[in-house]
Amino acid sequence: MNIVEPVLQTSTRLTHAGRKGKDHAAFVNPSVVRASTMLFPDVASLKNACGTRRAYGRHGNETTQALEQALCAAEGAAACMLTPSGLSAVTTTLLALLQPGDHLLMVDTVYDPTRLFCDGMLKQMGVTTTYYDPLVGRDIADLMQFNTKVVFVESPGSLTFEIQDIPGIAAAAHARDAVVVSDSTWATPIGWDSFELGIDVSIHAATKYIVGHSDALMGAILTTAALEERIRNTYRQLGMTIGADDAALALRGLRTLAARLAAHRESAHVIARWLKEQPEVAEVLYPPMPGSPGHEIWKRDFKAEYACGLMGAVFRSDITEQQVAALIDRTRLFGIGFSWGGFESLILPTNPASYRSVNATKWQAPMLRLHVGLEAVEDLLTDLEQGFTALRKNHETAQERNYLKAVI
Ligand SMILES: *Cc1c(COP(=O)(O)O)cnc(C)c1O
C-alpha cells in the first residue's frame, strides 16, 4: 500500500523537523553532545570514517546535525552549514564562490560589516565589487560584467528596508551564470520561499530570530544540492564549526519561530501605524504595512503571516539628532543595542548615509531602527509616547535656546 505523506504546514514542520518521529523511543530533543575527539573500535572503522562527517567533532555531531536538518526542512534547502556568527556565514559563502579576478554585484543596502569584508579582504584577494541600487530590478543585467560570479541581495535592506525584485534580479543573474546569494535574516527561513524566488544560497544571522532569545551567536548557510560541495569545501578548509550548546539553543529557538513571529508581527503593525501618525515622523519603513515603501513587492514575494518585528522610521528634516536622542533615552522598555530578533524590544539611532555609495543623500534626516519585541503592545506604546514627549520638550528648549541666542 502506498501511503501519501501529507504536505505539512510551516509551524508543523518547525515542530518536527530534525527529530526522529515515532521511531525515536527516547527524549523529545537530541542530546547535547559536547565533544571533540571521536573514538573508533579498530583501524578498519577509523579508515571507513575518514572523509565522512562522522570522524571528528569539528565536522558536527548529533546536536548540530539535528539543527541542520531542521533548518533545511524549514526553508526547503538541500544543505545547511552552521557558522559561529551571521557574518562568518556571509564571508565563508563569498570566499567559496569568488576567486581572484572575479566581480561581485553587492546591494548598496547590505549589512555594513559585509561591506567592510568586500572592501577589505575580497579587494585584497583581487575580487572587485560594484554596489548597486537595491531597486534596480531586472536592469541589474546592465551591470553584469563578463566576470560577474555572484549577485548578492538583502531584502529588506539594512536600515532603509528597500524591497528588492528578487525574481527579476535572479533571472538576469542566472542568464549570465551568476549565483544569487541572499542575506535572508529579516525573512527568516519561513518568511518566503527563497529557492523558488531564485535564490541559490540563503544566509541567516541565526543570532536573530532563529536563536530568538539574545543568548547565542550563529550563522547558517542554506543552499541547493548543486552548490553544496563547493561551499562545504571552503567551509571545511576554514575550520568553520559551532558548539553543541549553541546548536541546542538555536534548535529550541527554531521550534517556536512561527509562534514568536506571529506575536512580533502583530505588535509591529500596531507600532508602525502609531508611528506613522506622529507629526514628527516623515516615513515609516515597515514593508508589511500597506503604504510603506516596497509593500507591493513584499506582498508578492513574502508570506504575510511570518513578517517580523524590525522596522525603521525617518524623521522630518527639522528634527535634530539631539531630539531623537532624547526620545531614545526616555524609553524604558526599548533597550539601546545592536542586533535584534530576540524577545525584547530595541531602539537605535541610525545613519545609513554615512557609508552608502548609491542615493546616500536621500537619507539625511535623523532615523531610528526599532525592534518590536514580545512585551504587551500597550506598554510599548506608552513607552514610545513618553519618548515622543521628551523629543517635543527637547525641541522647545532648542528653540528657546536659539531665541535667547538671537536676543543676546
Ligand atoms: C546581525 C546581522 C548579521 C550578522 O550576524 P552576527 O551573528 O551578528 O554576525 C548579518 N546580516 C544581517 C542582515 C544582520 O542583521
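The residues of the chain are indexed from 1 along the displayed sequence. When a ligand or atom number is given, it counts from 1 through the structure's own listing order. Values below: all heavy atoms of this structure, side chains included; hydrogens, waters and symmetry mates excluded.
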Top protein contact for atom 6 (P) of ligand 1, by heavy-atom distance: Gly86 N, 3.3 Å

Nearest-contact summary for atom 7 (O) of ligand 1 - protein heavy atom, Å: Thr207 OG1, 2.5 Å

Test item: side-chain donor near acceptor, His103 and Thr148, under 3.5 Å: yes

Lys/Arg cation over aromatic Phe338: Lys208, 6.0 Å, 45° cone: no

Parallel, tilted or perpendicular: rings of Phe302 and Trp186 (30°, 60°): perpendicular

Parallel, tilted or perpendicular: rings of Phe388 and Trp274 (30°, 60°): perpendicular

Under 4.0 Å to a heavy atom of [X] - the qualifying atoms of ligand 1, by number:
X      : value
Ser85  : 7 (O), 9 (O)
Glu154 : 13 (C)
Lys208 : 1 (C), 2 (C), 3 (C), 14 (C), 15 (O)
Trp340 : 15 (O)

Heavy-atom side-chain contact between Gln65 and Arg54 under 4.5 Å: yes

His295-Tyr286 aromatic ring centre distance below 6.0 Å: no

Nearest-option assignment for atom 12 (C) of ligand 1, heavy atoms, candidates Ile203, Thr109, Leu87, Asp183: Asp183

